[in-house]
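Worksheet for the structure shown next.
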Number of protein chains: 2
Amino acid sequence: MKEANGRITIGDVAERAGVSIATVSRVVNGRYGVAQSTYTRVQAVIEDLGYESSLVARSLRSRRTNVIGIIVADIEPFSAELLKGAARAIRSTGYELVVYSGGGHVGDQVGWERRYLSRVNGTLTDGTLLVTPTVVDVPSNAPVVAVDPHAGVSSLATVESQNLEGAVTATEYLIRLGHRRIGFIAGRPDLESARLRERGYRQALDNAGMVFDPDLIRVGGYTREATEGPARELLESAEPPTAIFAANDVSALATIDVARTVGMSVPDDLSVIGFDNIPESALSDPPLTTIDQSIQEMGYVATRLLLDHIADPFLEPVHKTLPTELVVRGSCRAPSSESFTI
Amino acid sequence: MKEANGRITIGDVAERAGVSIATVSRVVNGRYGVAQSTYTRVQAVIEDLGYESSLVARSLRSRRTNVIGIIVADIEPFSAELLKGAARAIRSTGYELVVYSGGGHVGDQVGWERRYLSRVNGTLTDGTLLVTPTVVDVPSNAPVVAVDPHAGVSSLATVESQNLEGAVTATEYLIRLGHRRIGFIAGRPDLESARLRERGYRQALDNAGMVFDPDLIRVGGYTREATEGPARELLESAEPPTAIFAANDVSALATIDVARTVGMSVPDDLSVIGFDNIPESALSDPPLTTIDQSIQEMGYVATRLLLDHIADPFLEPVHKTLPTELVVRGSCRAPSSESFTI
DNA sequence: CTGTTAGCGCATTCAT
DNA sequence: ATGAATGCGCTAACAG
């Protein structure tokens with residue numbers, strides 16, 4: 001017993017069992033060429049000492065790690081949902097999952113995912129899922145699949161949802177309810193999904209023969225913090241909208257809260273519709289009407305895709321698009337007659 | 001350019017910059033003793049090549065990694081909530097987060113967390129959060145905090161919620177509504193939280209002077225799959241309960257679904273109350289009445305605790321207990337008069 | 001069958 | 001100020 005460090009290494013086991021390190025390694029990895037008696041003896045020592053090989057050391061040496069990585073900027077409702085789907089896809093594949101998160105303090109710097117990716121891919125992981133990456137020309141030897149990526153075209157395999165169609169649906173729903181002044185809380189301008197949702201908003205307006213009013217657009221950046229100011233601005237303007245389409249649920253929920261603070265009631269004075277259908281959206285008061293993009297399914301599909309690419313490195317990168325769907329809850333209604341007269 | 005492997009290593013940078021590996025390492029880590037001119041040149045090459053040091057290699061060599069680990073058996077609603085809280089606690093601490101998940105296929109083997117822990121703690125991570133571990137006598141040099149652990153007493157720092165009190169509250173709520181035949185879907189018998197919730201159930205019955213009927217208890221094991229059979233059994237028995245307290249939300253939601261398949265309506269024919277308040281519980285039809293244990297807060301508190309222990313290794317392990325609270329939604333009501341007459 | 005020898009990518013003495 | 005050498009824990013040749 002001389003593990004000065006506290007950590008039990010393969011060396012400790014070897015010494016205790018009176019064999020070489022290589023032999024212990026063979027036993028641990030179930031390699032052939034070990035006498036039955038040696039095998040059992042080493043196994044016993046391993047059991048006794050509670051030895052477990054270090055993931056780090058093992059990864060460094062061998063190409064295969066049986067671990068797939070998921071890189072996220074932060075763990076928030078969207079990525080958390082995605083993780084659930086990924087975990088479901090991993091189940092009974094023998095793979096393990098490592099989620100690497102910068103802890104939220106990376107969102108600013110463009111290219112965080114590239115840095116993180118090169119830190120883990122190919123050494124720690126056999127392949128990696130990139131969640132909402134801002135760049136997609138990542139240099140990597142191991143397979144990479146991007147979920148909800150920044151750019152439209154990419155050499156990477158990608159999974160995204162029908163952002164444009166969903167946004168059109170959301171806006172048309174508000175129009176159908178009778179709204180004529182419809183505001184838009186935009187997402188992060190650097191994200192393709194955000195741009196598509198704005199395009200959908202405009203397109204639906206166009207289709208309905210309504211004029212697009214730039215004063216009704218504010219940028220919320222997909223986060224609560226970034227949304228609050230702009231949303232307040234919008235609602236306190238001279239002619240506030242009677243309805244708001246927020247580019248994602250988080251900003252929609254923030255908008256509802258802001259509306260309350262400025263004395264507006266949702267949905268009586270203001271209708272709000274979101275995009276994503278994160279679980280939290282059903283918890284709000286009132287429950288949020290939104291566009292469902294089955295985030296879990298995206299995680300599931302992306303992970304399956306990644307596994308395919310790991311199995312066959314020469315697979316052509318495919319681009320999958322998942323459907324979106326309107327989920328009507330309680331945050332929208334026809335505008336009050338008072339609003340109509342304005 | 002001879003990165004035969006695809007991965008850009010510190011060696012590639014050194015070669016390109018015409019310096020030794022040691023010098024590049026100094027630059028990367030901001031060590032002193034590098035000429036300004038060398039520094040800039042190396043920095044440029046790093047930029048140019050897009051070099052990023054391998055987390056794995058770095059971890060192997062140095063003690064400090066600036067990464068904290070979270071070990072979970074699977075990523076499901078409970079652990080996902082916890083992760084959100086942990087991510088919030090990590091924010092702006094400079095630490096990064098690595099979540100290690102077995103992908104669900106580990107739940108069976110007791111002690112999975114011990115194996116996983118020794119794989120990462122002390123090498124990959126500076127400290128680790130153990131989520132719902134079944135054993136708590138883990139040997140580890142680096143700090144460990146257990147969340148919702150199996151055993152009551154532990155040498156580890158722990159964070160849990162008022163399981164007993166919450167269960168009493170849940171059961172008393174059903175009693176107050178007028179229920180007399182109250183079933184219980186138990187959790188995993190090896191988990192302390194599950195045992196406490198069962199104890200709370202019995203205690204509330206006792207307090208109300210009601211007799212405990214073993215026929216009204218079934219084991220659901222905290223999962224949807226494990227719950228369905230036992231729940232069906234309970235509901236199809238000769239004298240089904242008029243209300244069910246499920247040990248967690250997942251099994252409560254499963255119970256609601258089972259009730260529907262056997263032709264019972266919730267809450268008209270059957271009241272169901274859960275425990276946890278995962279986001280999904282508000283999404284069900286009807287929305288689930290449950291006991292909130294602020295899972296995110298547990299993740300947050302546990303992470304702060306872990307950081308404290310990393311900062312001061314000699315800190316005495318503390319045990320925190322977080323409050324629980326009844327959340328009334330739509331899955332419970334007074335028993336129908338018909339049920340009363342039984 | 002088993003031990004010896006080389007690294008994997010990197011940080012850290014110890015020289016220079 | 002910089003480079004050569006050493007080893008973290010482990011796996012994979014290559015010898016015996």
Side-chain angles (χ1 to χ4, degrees), chain A residues 2-15 17-42 46 49 51-67 118-126 141-142, chain B residues 2-15 17-42 46 49 51-67 118-126 141-142:
Chain A
K2 48 161 31 132
E3 324 103 29
N5 211 348
R7 183 164 227 301
I8 297 165
T9 74
I10 196 173
D12 298 324
V13 176
E15 189 178 343
V19 295
S20 76
I21 288 182
T23 300
V24 177
S25 175
R26 290 193 186 96
V27 172
V28 168
N29 297 291
R31 295 273 181 279
Y32 291 106
V34 179
Q36 186 59 52
S37 63
T38 314
Y39 189 90
T40 27
R41 183 156 42 96
V42 171
I46 289 176
L49 256 41
Y51 167 73
E52 199 71 31
S53 74
S54 158
L55 180 67
V56 165
R58 173 187 294 230
S59 307
L60 187 56
R61 194 60 181 84
S62 46
R63 204 102 216 90
R64 244 339 236 292
T65 61
N66 253 23
V67 171
S118 48
R119 285 169 68 91
V120 300
N121 211 19
T123 45
L124 219 202
T125 61
D126 290 343
N141 30 332
Chain B
K2 46 158 36 121
E3 324 104 27
N5 211 347
R7 182 163 226 302
I8 297 165
T9 74
I10 196 172
D12 299 323
V13 176
E15 190 178 341
V19 295
S20 75
I21 289 182
T23 301
V24 178
S25 176
R26 290 192 185 99
V27 171
V28 168
N29 297 290
R31 296 275 179 277
Y32 291 107
V34 178
Q36 185 60 51
S37 63
T38 315
Y39 189 91
T40 25
R41 183 156 41 93
V42 172
I46 289 177
L49 256 40
Y51 167 73
E52 199 70 32
S53 72
S54 158
L55 214 190
V56 165
R58 173 185 292 229
S59 307
L60 188 57
R61 194 60 180 78
S62 45
R63 205 100 214 93
R64 231 359 222 287
T65 62
N66 253 25
V67 171
S118 47
R119 286 169 68 91
V120 301
N121 211 18
T123 45
L124 219 202
T125 61
D126 290 344
N141 32 332

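Naming convention: chains lettered A, B, ... in sequence-line order (proteins, then strands); numbering from 1 in each chain.
The interatomic distance linking A:L55 (CG) with C:dC8 (C1') rounds to 14 Å, in whole Å. The CG atom of B:N121 sits 16 Å away from the C1' atom of D:dG9 (whole-angstrom rounding). Computed from coordinates, the A:R63 CZ to D:dA13 P distance equals 13 Å when rounded to whole Å. Distance CZ (A:R64) to C1' (D:dA12): 17 Å, rounded to an integer number of Å. Per the geometry, CD1 belonging to A:I10 stands 18 Å off P belonging to D:dG7, to the nearest Å. Spacing between atom CG of B:N29 and atom C1' of C:dT13 amounts to 15 Å, rounded to whole angstrom units. In this structure, A:E15 places its CD atom 15 Å from C1' of D:dG9, rounding to the nearest Å. The CG-C1' distance, from A:L60 to D:dA12, rounds to 13 Å in whole Å.
For B:S53, the side chain to side chain donor-acceptor pair (under 3.5 Å) partners at least two apart in sequence or on another chain are B:R58. In terms of the side-chain contact (heavy atoms from CB on, under 4.5 Å) criterion, residue partners of A:R31 (sequence neighbours excluded) are, by chain and number, A:R26, A:N29. A search for side-chain contact (heavy atoms from CB on, under 4.5 Å) contacts involving B:S20 returns B:A22, B:T23, not counting sequence neighbours. Applying the side chain to side chain donor-acceptor pair (under 3.5 Å) test to B:R41 and every residue at least two apart in sequence or in another chain returns nothing. Every residue meeting the side-chain contact (heavy atoms from CB on, under 4.5 Å) condition with A:I10, not counting sequence neighbours, appears here in chain and number order: A:I21, A:V24, A:S25, A:Y51. A search for side-chain contact (heavy atoms from CB on, under 4.5 Å) contacts involving A:S59 returns A:L55, A:T65, A:L124, B:V56, not counting sequence neighbours.
Checked by distance alone, B:R61 brings a side-chain donor or acceptor within 3.5 Å of a matching partner on the base of D:dG7.
With A:N121 contributing its side chain and A:A142 its backbone, the two residues share a donor-acceptor pair below 3.5 Å.
Atom CG of A:L60 sits about 5.5 Å away from atom CG of B:L60, to the nearest 0.5 Å.
Within residues 18-27 of chain B, the residues approached by DNA chain C to less than 4.0 Å at the level of any non-hydrogen atom are B:A22, B:S25, B:R26, in residue-number order. Using a 4.0 Å cut-off on heavy atoms, none of the residues of residues 32-42 of chain B approach DNA chain C.
For the OP1/OP2 pair of C:dC10 and a distance below 4.0 Å, the side-chain nitrogens and oxygens of B:R58 include no atom meeting the criterion. Listed pair A:R31 / C:dT2 fails the phosphate criterion, with no side-chain N or O lying under 4.0 Å from OP1 or OP2.
Of all non-hydrogen atoms in A:D126 and A:N66, the two that sit nearest each other are OD2-N, 2.8 Å.
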